[in-house]
Amino acid sequence: MELTKLGILLLAGVVLWVIPNAAQTPKRAPGPAPTARLQAKANPVARPRLVVLVVVDQMRGDYVDKFQGQWTGGLKRLVKEGAWFREAAYPYAATETCVGHSTISTGALPATHGMVANAWWERDSQRVVTCTFDPNVSNVSYGGGTATAGGDSAWRMRVPAYAEELRFQSGGATRIVTFSLKARAAITMAGHKADAVTWFENGSWTTSSAYGTMPIVENFARANPVQAELGKKWELSLPKSSYFYDEKAIGAVAPGGWELTFPHVLHSGSTNGGPDSAFYLQWATSPYADTYLTKMAESAIDQLGLGKSGGTDFLGVSYSSVDYVGHAFGPHSWEIQDVLIRLDKDLGELFAHLDAKVGRGNYVVALSADHGVVPAPEDMQKTGADAGVLHVPEIQAKIEKALEPLHYSKPAVARVASSDVYFSSGVYERLKTDPPAMRAVLDGIRSVSGVAEVYRAEELQDGPATQSPIRRAEAASYFAGRSGDLMIVPKPYWLVSGAPAGQPRDYGTGHGTPYFYDQHVPVLLMGWGIERGEYFGRITPADIAPTLAALTGVTLSSRDGRVLAEALGRAGKATAPVAKP
Ligand SMILES: [Zn+2]
């Protein structure tokens, strides 16, 4: 990490000092920072003053079609004034939070950026690691809270985020600021180094030593304690008749302490009534957390003067509450409909704030989501379609049973994480040279209810030429050393659950499959350089970073995505090549 930082500093030093003034000893002159001077000289081209990346965690692409008639704020404005890509979808199988955010932020696919899941089995250390877990940094809490043990950074992300490249290539004046409830969202949007990267954990706003603390966040956290939201009541924004579906969402599993009907009161489960983990989960599952993130972002815009650095600043906000609400209540719920109505209002306020402080037309906004969601299986079953729950422990049991008579040491499976099977050390190597045992394992897995297919790592490596869209999607999220030995594909509309068969699951529904309901997400661009309109061509969220890069004169290392040239206005058309169909 430090070597990288040193490398960047040395490189910057060479560019700034040695070339213009080779004979002299480098010495810092008084006046504006050298990076800003470089920016001023080298930046006669018009650029947006601020890039705003908004990610809605778990927003299905069809929510825009379905609910926009009830929107009047920022989501509506994006649809009306922006470029709406209606057929945007991830081309890979691992439709999870860390993967989606990393794809949006880098313009690369997981086979390139390496963030293959929210968490995976690390073979070297024989443990599950989250995508952001970094043993060389420690987390720091704001507002006098207690940070969780360990630390988080983007060190496992194998390519820089667009925001990092923007700062590096434009001379350093760029400020990078991101907010989310989730570390894996705030961190991957920003990249390896940034000015302020903030997430919510253990009842506190948190960052890590990879980024350092920022006084404006400390002041905001102290002035606006989340604990003060205890007792707030989430009520329907519109009359009951405005809501689709059933009042009680079918297959829903409400967070502890909540019923399946409105209103939802944020309350404590502890005897003293103080803020506890039940309250924090309810808060995260309410529109109040989105509103909080909006106000926090507005405070950063004001306090840091984002959009006024002389370069192009970067603000990233990932709204997590739609994901918590979706996991609990599912996509066919009054809760999802209402939390989006509230988010529309929050985003309306955020854009109005940006208009006032940065200037309408001086900033560019990109909104997308990290993945969609599947309806709760009980809800889907009502249609007569094949839907159900795939119980991961059953897969594990079938593998052990298949290998028992073949004298493999137990346990043969080290872990099943997401849909990836990781064998104990040496087992998979042996299976590859033992066809009867391999066949027994694969047949065992295929016999589990809800399994559509299982792929071996060798079938996914090196971008195989295949006609199968599912296998191609699995290959696009395969990263050697991190992905499993076997990758399970559930049947469509089957929910993958870690709960044993016959036991209740702790959430209503989920995501993470190569099916369109998980892959299809909104992509909306608005503002500087963007041509408004509806676009029906198939694109992916990996196209967002290359498009922002084209608008800001930045070169990205990966070209997994392409420039969305069809939506670039006069400014963009001058700089962006027209993509081949
Ligand atoms: Zn997510």
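One-based numbering, in listed order, for ligands and for the atoms of each.
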Would Lys182 count as a cation-pi partner of Tyr324, with NZ or CZ less than 6.0 Å from the six-membered ring centre and within 45° of the ring normal?
yes
State whether Trp121 and Arg123 meet the cation-pi test: NZ (Lys) or CZ (Arg) under 6.0 Å from the six-membered ring centroid, and within 45° of the perpendicular axis.
no
Anything protein N/O/S under 2.8 Å from the Zn ion (ligand 1)? Just list residue and atom, please.
Asp57 OD1, Thr97 OG1, Asp370 OD2, His371 NE2
Looking at Asp65 and Arg86, is there a salt bridge between them, counting it only when a charged N and a carboxylate O are closer than 4.0 Å?
yes
Determine whether the aromatic ring centres of residues Phe351 and His353 are separated by less than 6.0 angstrom.
no
Is it the case that the ring center of Phe200 lies less than 6.0 angstrom away from the ring center of Trp283?
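For Trp283 and Phe200, the ring centres are under 6.0 Å apart.
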For residues His192 and Glu164, is any side-chain donor paired with an opposing acceptor at under 3.5 Å?
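Note: His192 and Glu164 side chains meet the donor-acceptor criterion.
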